[in-house]
Amino acid sequence: MEHTDRPATDRPLTQHEADERARQLIDAAYRPTSYRDETPAPAYGPTPPVAQPGRPPMSQKATDASALMLSGSVAALSVGGATSLVLYTLGQVDPVTLAVGAAGPVALVLAVGSLIRSAGRAKQDMHTEHHHHYNGSVRQETTNVSSTTKGLFAKNRNDVR
């Protein structure tokens, strides 16, 4: 192989030089391009960041779910404590009495929760206002049907004519 100091553009490439240059071009074409900036990020202000007190910042949906889980854990603690107390008190009785005693606090909590939910719905229904704005002749009919059903196999007959 002949080495000269002349630039490669002045003479044709040898077969070995052409193969080497082709290999370089192909490697460069298939090599992924990337760049990593090693300069440190600029600091804003002289004080380093400090963890803030309270809950970490999160979305409203995540905040609502977190509050719901915290409330549920308090409710579960009270129900579990009441159940443990009842079971400890009834520890020397037969299994049927134990089952009734264990279900009592749970039934009480469910009943109180249902009562609170019903009261909330009733309060919400009290404050509803209906505004109807009509143009032209309107005929409006309202029929209210109320019935009291009692028993396990109650029948409702709502015949509106």
Asp64 side, atom CG; Met69 side, atom CE - distance, nearest 0.5 Å: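 Nearest 0.5 Å value for the CG-CE distance: 10.5 Å.
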Should we count CG of Asn135 as having more than 12 external heavy atoms under 6.0 Å?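 Incorrect, the count does not exceed 12.
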Are any of the side-chain heavy atoms of Arg21 and Glu17 separated by less than 4.5 Å?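 No; the side chains remain at least 4.5 Å from each other.
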Is there a donor-acceptor contact under 3.5 Å from the side chain of Ser114 to the main chain of Leu110? no
